[in-house]
Amino acid sequence: METIIETNSPDETLEAGRQLGLLAKPGDIYTLNGDLGVGKTVFTQGVAKGLGVTEHVNSPTFTIVQVYDSGRLPFYHFDVYRIGDVEEMEEIGYEDYFFGDGICMVEWAQLIAELIPQQATKITIEKNLEKGFDYRKITIESEI
Ligand code: ADP
Ligand code: MG
(Lines give C-alpha, C1' and ligand atoms only; values in the text may rest on other atoms or scores of the structure.)
(Ligands and ions follow the chains in the order given, each with its own letter.)
Protein backbone atom coordinates (compact mmCIF):
# COMPACT_ATOMS: atom_id res chain seq x y z
CA MET A 1 0.00 0.00 0.00
CA GLU A 2 1.20 3.50 -0.77
CA THR A 3 0.19 6.51 1.29
CA ILE A 4 1.13 10.07 0.37
CA ILE A 5 1.05 12.83 2.95
CA GLU A 6 1.82 16.44 2.03
CA THR A 7 2.96 18.81 4.76
CA ASN A 8 3.74 22.52 4.87
CA SER A 9 5.48 22.87 8.23
CA PRO A 10 7.74 20.90 10.58
CA ASP A 11 4.77 20.53 12.96
CA GLU A 12 2.69 18.82 10.27
CA THR A 13 5.54 16.40 9.54
CA LEU A 14 5.90 15.76 13.27
CA GLU A 15 2.19 15.00 13.43
CA ALA A 16 2.42 12.59 10.45
CA GLY A 17 5.20 10.76 12.29
CA ARG A 18 3.20 10.76 15.52
CA GLN A 19 0.27 9.06 13.80
CA LEU A 20 2.59 6.36 12.53
CA GLY A 21 4.08 5.96 16.01
CA LEU A 22 0.62 5.44 17.48
CA LEU A 23 0.00 2.53 15.07
CA ALA A 24 3.48 0.94 15.13
CA LYS A 25 3.66 -2.71 16.11
CA PRO A 26 6.48 -4.71 17.74
CA GLY A 27 9.13 -5.65 15.17
CA ASP A 28 8.21 -2.91 12.70
CA ILE A 29 11.09 -1.54 10.63
CA TYR A 30 10.74 1.82 8.90
CA THR A 31 13.28 3.17 6.46
CA LEU A 32 13.66 6.86 5.74
CA ASN A 33 15.22 8.23 2.61
CA GLY A 34 15.50 11.79 1.41
CA ASP A 35 18.06 14.57 1.09
CA LEU A 36 19.85 16.23 3.97
CA GLY A 37 17.53 18.67 5.74
CA VAL A 38 14.35 17.30 4.21
CA GLY A 39 12.79 16.32 7.55
CA LYS A 40 13.76 12.73 8.32
CA THR A 41 14.67 13.56 11.90
CA VAL A 42 11.55 15.70 12.39
CA PHE A 43 9.44 12.77 11.20
CA THR A 44 11.37 10.42 13.52
CA GLN A 45 10.72 12.76 16.45
CA GLY A 46 7.02 12.46 15.68
CA VAL A 47 7.17 8.67 15.63
CA ALA A 48 8.93 8.74 19.00
CA LYS A 49 6.21 11.01 20.36
CA GLY A 50 3.53 8.62 19.11
CA LEU A 51 5.30 5.79 20.90
CA GLY A 52 5.32 7.82 24.09
CA VAL A 53 9.07 8.38 24.18
CA THR A 54 9.77 11.15 26.67
CA GLU A 55 13.48 11.68 25.97
CA HIS A 56 14.53 14.24 23.38
CA VAL A 57 15.23 12.54 20.05
CA ASN A 58 18.03 13.88 17.90
CA SER A 59 20.08 12.49 15.06
CA PRO A 60 22.61 10.05 16.51
CA THR A 61 25.68 11.79 15.06
CA PHE A 62 28.49 9.82 16.65
CA THR A 63 26.75 6.51 17.06
CA ILE A 64 24.88 4.57 14.42
CA VAL A 65 21.96 3.80 16.69
CA GLN A 66 20.30 5.54 19.59
CA VAL A 67 18.01 3.52 21.87
CA TYR A 68 14.98 5.04 23.61
CA ASP A 69 13.27 2.95 26.25
CA SER A 70 10.70 5.33 27.69
CA GLY A 71 7.89 4.63 25.21
CA ARG A 72 5.36 1.81 24.96
CA LEU A 73 7.89 -0.13 22.82
CA PRO A 74 11.69 0.17 22.58
CA PHE A 75 12.59 2.65 19.86
CA TYR A 76 15.80 2.18 17.87
CA HIS A 77 16.77 5.22 15.84
CA PHE A 78 19.49 4.58 13.27
CA ASP A 79 21.20 7.25 11.22
CA VAL A 80 23.63 5.55 8.88
CA TYR A 81 24.64 8.70 6.95
CA ARG A 82 28.26 8.41 8.06
CA ILE A 83 28.58 4.66 7.77
CA GLY A 84 31.64 3.57 5.80
CA ASP A 85 30.78 -0.07 5.33
CA VAL A 86 27.83 -2.33 6.14
CA GLU A 87 30.20 -4.27 8.40
CA GLU A 88 29.79 -1.46 10.90
CA MET A 89 26.16 -2.57 11.22
CA GLU A 90 27.33 -6.07 12.07
CA GLU A 91 29.75 -4.71 14.65
CA ILE A 92 26.93 -3.02 16.53
CA GLY A 93 24.80 -6.18 16.34
CA TYR A 94 22.06 -4.67 14.21
CA GLU A 95 20.17 -7.99 13.99
CA ASP A 96 19.20 -7.70 17.64
CA TYR A 97 17.43 -4.44 16.80
CA PHE A 98 16.03 -5.36 13.38
CA PHE A 99 14.67 -8.71 14.50
CA GLY A 100 13.66 -7.77 18.04
CA ASP A 101 10.36 -6.57 19.43
CA GLY A 102 11.04 -2.87 19.24
CA ILE A 103 10.51 -0.32 16.49
CA CYS A 104 13.38 0.52 14.12
CA MET A 105 13.65 3.77 12.22
CA VAL A 106 16.56 3.91 9.77
CA GLU A 107 17.58 7.28 8.33
CA TRP A 108 19.58 7.02 5.05
CA ALA A 109 18.56 3.38 4.69
CA GLN A 110 19.61 3.27 1.02
CA LEU A 111 23.23 3.21 2.23
CA ILE A 112 22.61 -0.21 3.81
CA ALA A 113 19.99 -1.42 1.33
CA GLU A 114 21.24 -5.00 1.35
CA LEU A 115 20.49 -5.31 5.08
CA ILE A 116 16.94 -3.99 4.96
CA PRO A 117 14.35 -6.77 5.31
CA GLN A 118 11.78 -6.93 2.53
CA GLN A 119 8.87 -6.34 4.89
CA ALA A 120 10.20 -2.96 6.01
CA THR A 121 7.93 0.04 5.48
CA LYS A 122 9.69 2.46 3.14
CA ILE A 123 9.28 6.18 3.71
CA THR A 124 10.59 8.82 1.35
CA ILE A 125 10.47 12.57 1.99
CA GLU A 126 10.87 15.01 -0.85
CA LYS A 127 10.82 18.76 -1.31
CA ASN A 128 9.20 20.55 -4.20
CA LEU A 129 10.31 24.18 -4.23
CA GLU A 130 7.54 25.08 -6.66
CA LYS A 131 5.15 24.32 -3.82
CA GLY A 132 7.03 26.42 -1.27
CA PHE A 133 10.12 26.18 0.88
CA ASP A 134 8.37 24.27 3.68
CA TYR A 135 6.44 21.86 1.45
CA ARG A 136 7.26 18.17 1.91
CA LYS A 137 5.83 15.10 0.21
CA ILE A 138 5.99 12.02 2.42
CA THR A 139 5.48 8.69 0.64
CA ILE A 140 4.92 5.62 2.80
CA GLU A 141 5.10 2.22 1.07
CA SER A 142 4.22 -0.92 2.95
CA GLU A 143 3.73 -4.52 1.89
CA ILE A 144 0.23 -4.67 3.35
P1 ADP B 1 17.03 15.40 7.92
O2 ADP B 1 16.99 14.54 9.14
O3 ADP B 1 16.25 14.85 6.78
O4 ADP B 1 18.43 15.76 7.51
P5 ADP B 1 15.87 17.38 9.68
O6 ADP B 1 14.62 16.72 10.13
O7 ADP B 1 17.04 17.36 10.63
O8 ADP B 1 16.31 16.78 8.26
O9 ADP B 1 15.60 18.90 9.32
C10 ADP B 1 14.51 19.32 8.54
C11 ADP B 1 14.54 20.85 8.49
O12 ADP B 1 13.54 21.33 7.59
C13 ADP B 1 14.25 21.47 9.84
O14 ADP B 1 15.07 22.61 9.99
C15 ADP B 1 12.78 21.88 9.72
O16 ADP B 1 12.45 22.99 10.52
C17 ADP B 1 12.68 22.24 8.24
N18 ADP B 1 11.34 22.09 7.67
C19 ADP B 1 10.66 23.03 6.96
N20 ADP B 1 9.47 22.59 6.54
C21 ADP B 1 9.38 21.31 6.96
C22 ADP B 1 8.37 20.32 6.82
N23 ADP B 1 7.23 20.52 6.12
N24 ADP B 1 8.60 19.11 7.39
C25 ADP B 1 9.75 18.88 8.07
N26 ADP B 1 10.74 19.77 8.24
C27 ADP B 1 10.56 20.99 7.68
MG1 MG C 1 18.50 13.52 10.24
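Note that ligands are numbered from 1 as they come in the structure, with each ligand's atoms numbered from 1 the same way. Only heavy atoms go into these numbers, but all of them, side chains included; no hydrogens, no water, no symmetry mates. Position 1 is the first residue of the sequence; numbering continues from there. In this text the structure is predicted, and so the values were computed from the model without any measurement.
- Taking all atoms of both residues into account, the shortest heavy-atom contact from Ser70 to Val53 is OG-CA, 3.5 Å.
- For Glu12, the side chain to side chain donor-acceptor pair (under 3.5 Å) test picks out no residue, with sequence neighbours left out.
- Under the 3.5 Å distance criterion, with hydrogens and angles disregarded, a donor-acceptor pair is assigned to the side chains of Tyr135 and Glu6.
- Among the atoms of Lys40, some N or O lies under 3.5 angstrom from an N or O of ligand 1.
- When distances from atom 4 (O) of ligand 1 to the protein are checked, a heavy atom turns up under 4.0 Å.
- Taking the ring centre of Phe133 as origin, the terminal cationic atom of Lys127 falls inside the region bounded by 6.0 Å and 45° from the ring axis.
- Only side-chain heavy atoms of Glu107 come within less than 4.0 Å of ligand 1; its backbone N, CA, C and O stay farther off.
- Annotation: Phe78 is not in aromatic contact with Tyr94 [ring centroid separation under 6.0 Å not met].
- When hydrogens are left out, the protein atom nearest atom 18 (N) of ligand 1 is Arg136 NH2, 3.3 Å; that is the closest non-hydrogen contact.
- In terms of polar-atom proximity, defined here as any N/O pair under 3.5 Å, Gly39 does make such a contact with ligand 1.
- For Phe133, no nitrogen or oxygen atom sits less than 3.5 Å from a nitrogen or oxygen atom of ligand 1, counting backbone and side chain alike.
- In summary, the atoms of ligand 1 found under 4.0 Å from a heavy atom of Val42, numbered by their order in the structure, are 6 (O).
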